[in-house]
Amino acid sequence: MFARFMLAAKDLKKIFSKKDKIPFRDGKLSVWGIGYWLIQPFFVGLPYGLYYRKFQVNGWENVPQDKPVIFAISHRNAFMDSLAFVNIKSTQVWQLARGDAFNNKAAEKLFYFFHMLPIWRERDGVDTKAMNDPTFDACADILAKNGQIGIYPEGNCVDEEHIRPLKKGICRIAFLAEERYDFELDVHIIPVGISYSASEKFKKWQLVNFGKPILLKGYSESYKTNPAQTINVLKDAIEMGMQQTTVHVEYSQFHQDIVEISRMVARENILKASIKYEPITKLQEEQIVSKKLENLRTENHEALETLVGDFHSYKQEITQHHFKENTFDKAKHHTLAIAFMALYFLFFLPVFIYGFIVNYLPYSIPHWYAKNKLKQKIFWSSAQYVIGLFLFPIYYLILTIIISKVLGSVFSALVFLVSFPIAGHIAFYYWYDLKKWLSVLRFKGLSASKKDQIIALRNRVINSVNN
């Protein structure tokens, strides 16, 4: 984990260079910050690895390290989208965030430290030009120093498999920077898709997928003669690039059905092909399947209706019996696999009980708060992550002090301290595996006719899509 944040000599030179400061409002900002780099492993790298079961980066080779870069980022999961960039190598991306969050002075300084700049909207009730001009100027200065800017051009955060129409601000910022420096910056715009297996939940998957760069110099001459038209053309190019970095399903009455069927069929196809099932292969296969379904929607509406009807019947059956897709993995149904899992649960039961008891409070409090206090699911992961980031260390420290007093041994207390997160990790996966195992047993306990009915419905959906 720490190796990911090691810096090359040229990066160290950037961080410790006093020349890389830019004016902003009444002060100056460091394009690369020493403090920011130091806290990356401890506040993001380590806890991020515990929060997500799988975190994967794809296409990083598309990002130039010696050019000014603007990331055009899809926005599905509030603060977690921003943290993803903090967790990638030693990147120090200046990300634009909603301006009203900067109203508090203490929060404002904290946001600047974490490389966030305010962007104001008309609904904030301010003079947007006066308030945003300093941010736009700062972006131009950052790019002039081969810095990196992160922008969410969709304008808002919605958890859906769809790239929404983009705002023009990203194009204006890019051309503003080029104009200020006589079109010599060579700004690269990188489309970025951030995907999740279940964005609001703990221990799921996150993928950051970098697309091919869009070079602004290819639009410079056109911009000089017709700025408005060029901005629209560039915006469309960025939008298309973002669609290629994630699963993009058009809005229709079948939108959610296409998304869910794509996930189901893609998973089955990957496992059948004996390909490693990981975030990037999941994304790539879902893109293929969703495009097939989108074509079916436009070319044979009745066939899609029939397919969706079969899927709803299948979904009703597995919901009624509390089955998940992994219930039908053939490897889990083998007698030896079932017996081996039984031994595994028996052997690790004491560790599960210990890990469950020790970690129940710091695990359940963030989850309870998110579920009961936040109406929008897009903020659940962010709240759970931030609360857990502070709650777990404090809770572990209190337990360690208590154990030290009871046992009269600091060393013994430290041994327990090391065991807390390890046991918690084991307990979580124990419970996760136990639910899958019990699901398989429930399925095997069904009558032969009911099992055949469910499998037939499932195969009909999968074969209809693949054929």
Side-chain angles (χ1 to χ4, degrees), residues 22 24 31 59-75 85 91 93-97 117-122 127-156 162-194 208-246 248 250-251 287 291:
I22 59 166
F24 183 71
V31 178
W60 179 250
E61 65 276 5
N62 293 327
V63 182
Q65 302 304 304
D66 56 352
K67 298 285 185 181
V69 172
I70 298 177
F71 294 110
I73 314 165
S74 66
H75 204 13
F85 277 81
T91 52
V93 182
W94 283 87
Q95 301 190 53
L96 304 191
L117 292 171
I119 191 77
W120 300 85
R121 304 159 299 180
E122 290 183 1
D127 182 347
T128 54
K129 186 179 187 310
M131 296 296 286
N132 287 333
D133 277 351
T135 295
F136 293 159
D137 292 339
C139 288
D141 292 338
I142 291 169
L143 292 171
K145 295 183 181 296
N146 285 345
Q148 298 176 334
I149 305 291
I151 300 176
Y152 301 95
E154 292 170 288
N156 58 350
H162 180 84
I163 296 297
R164 300 177 296 284
L166 306 189
K167 309 296 182 185
K168 297 178 182 179
I170 184 172
C171 304
R172 291 184 176 129
I173 289 173
F175 281 120
L176 170 70
E178 286 286 12
E179 277 187 304
R180 177 169 296 184
Y181 292 93
D182 298 322
F183 291 90
E184 294 181 355
L185 291 185
D186 194 15
V187 172
H188 285 50
I189 299 176
I190 310 288
V192 185
I194 303 184
V208 185
N209 190 24
F210 294 92
K212 298 293 183 182
I214 299 169
L215 276 59
L216 206 65
K217 63 183 179 183
Y219 298 83
S220 298
E221 292 305 316
S222 173
Y223 178 78
K224 292 173 185 177
T225 57
N226 194 333
Q229 182 181 0
T230 305
I231 283 175
N232 285 328
V233 172
L234 176 60
K235 178 176 72 69
D236 291 343
I238 297 170
E239 187 172 324
M240 185 176 294
M242 292 177 68
Q243 290 175 5
Q244 293 170 355
T245 62
T246 187
H248 174 75
E250 294 292 344
Y251 287 131
Q287 287 178 324
K291 285 178 182 176

Original post:
Hey, what do you get for CG (Leu96) to CZ (Phe136), rounding to the nearest 0.5 Å?
Top reply: 8.0 Å
**OP:** Working to the nearest 0.5 Å, report the span between NZ of Lys235 and CD1 of Ile189.
**Re:** 13.0 Å
Original post:
Rounded to the nearest 0.5 Å, how far apart are CD1 of Ile151 and CD1 of Ile238?
Top reply: 8.5 Å
Original post:
Of all heavy-atom pairs between Ile214 and Pro191, which one has the smallest distance, and what is that distance?
Top reply: CD1-CG, 4.2 Å
Original post:
Rounded to the nearest 0.5 Å, how far does NE2 of His162 lie from CD of Gln243?
Top reply: 7.5 Å
Original post:
Looking only at heavy atoms, what is the nearest atom pair of Thr135 and Pro118, with distance?
Top reply: OG1-O, 2.7 Å
Subject >> Least distance between heavy atoms, Pro64 atom then Asn62 atom >> reply: CD-O, 3.3 Å
Original post:
Donor-acceptor pair, Thr230 side chain versus Ser222 backbone, under 3.5 Å?
Top reply: yes
Original post:
With side chains defined as the heavy atoms from C-beta onward, is the minimum distance between Pro153 and Met242 less than 4.5 Å?
Top reply: yes
Original post:
What do you reckon, is NZ of Lys224 surrounded by more than 12 foreign heavy atoms closer than 6.0 Å?
Top reply: yes
**OP:** Before giving the answer on side chain to side chain contact (heavy atoms under 4.5 Å, CB included), spell out for Thr246 and Ile194 the whole-Å C-alpha distance, their side-chain angles and the decisive distance to 0.1 Å.
**Re:** CA-CA 7 Å; Thr246 187; Ile194 303 184; over 6 Å; no
Original post:
Atom CD1 in Ile142, atom CD1 in Ile22: separation rounded to 0.5 Å?
Top reply: 4.0 Å
Subject >> Other residues, nucleotides, ligands: >12 heavy atoms within 6.0 Å of Gln229 CD >> reply: no
Subject >> Sidechain-backbone polar pair: Glu178 side chain, Lys217 backbone, donor-acceptor under 3.5 Å >> reply: no
**OP:** Taking all heavy atoms of Leu185 and all of Ala144, pick out the closest pair and write down the distance.
**Re:** CD2-CA, 3.7 Å
**OP:** Would you confirm whether Trp94, through its side chain, and Cys139, through its main-chain N or O, come within 3.5 Å as a donor-acceptor pair?
**Re:** no
Subject >> Side-chain heavy atoms of Pro134 within contact of Phe24, under 4.5 Å >> reply: yes
Original post:
Per the side chain to side chain donor-acceptor pair (under 3.5 Å) rule, which among His75, Lys167, Arg164 passes with Asn156?
Top reply: Arg164
Original post:
With distance as the sole test, does Asn209 use its side chain to make a donor-acceptor pair with the main-chain N or O of Gly193 at under 3.5 Å?
Top reply: no
Original post:
With Glu239, which residues qualify under salt bridge (charged side-chain N to carboxylate O under 4.0 Å, His left out), at least two apart?
Top reply: none
**OP:** If the plane angle is over 60° it's perpendicular, under 30° parallel, otherwise tilted; pick one for Phe85 and Phe71.
**Re:** tilted
**OP:** Could you pull out the closest heavy-atom pair between Leu166 and Ile163, with the gap in Å?
**Re:** CD2-CG2, 4.2 Å
**OP:** Could you pull out the closest heavy-atom pair between Ala140 and Tyr181, with the gap in Å?
**Re:** O-CE1, 3.8 Å
Original post:
Sub-3.5 Å donor-acceptor pair from the side chain of Thr245 to the main-chain atoms of Phe210, do we have one?
Top reply: no
**OP:** On the 0 to 90° scale, with breaks at 30° and 60°, tag the Tyr223-Phe175 ring pair as parallel, tilted or perpendicular.
**Re:** parallel
Original post:
Between Asn232 and Lys168, is a side chain to side chain contact (heavy atoms under 4.5 Å, CB included) present by the stated rule, with each step listed?
Top reply: CA-CA 8 Å; Asn232 285 328; Lys168 297 178 182 179; 3.1 Å; yes
Subject >> CG-NE2 distance between Leu215 and His188, expressed to the nearest 0.5 angstrom >> reply: 4.0 Å
Original post:
Going by heavy atoms in the side chains, are Asp141 and Arg180 under 4.5 Å from each other?
Top reply: yes
**OP:** Please step through side chain to side chain contact (heavy atoms under 4.5 Å, CB included) for the pair Leu216 and Leu234, ending with a clear verdict.
**Re:** CA-CA 8 Å; Leu216 206 65; Leu234 176 60; 3.4 Å; yes
Original post:
Does the Thr128 side chain pair with the main chain of Trp120, one donor and one acceptor, at a distance under 3.5 Å?
Top reply: no
**OP:** Please list, chain by chain and in numerical order, all residues satisfying salt bridge (charged side-chain N to carboxylate O under 4.0 Å, His left out) with Glu61, sequence neighbours excluded.
**Re:** none
Original post:
Can any side-chain N or O of Gln95 pair as donor or acceptor with the backbone N or O of Ile149 at less than 3.5 Å?
Top reply: no
Original post:
Are Lys129 and Asp133 ion-paired here, with the side-chain N under 4.0 Å from a carboxylate O?
Top reply: yes
Subject >> Residue pair Thr91, Val63: steps toward the side chain to side chain contact (heavy atoms under 4.5 Å, CB included) verdict >> reply: CA-CA 11 Å; Thr91 52; Val63 182; over 6 Å; no
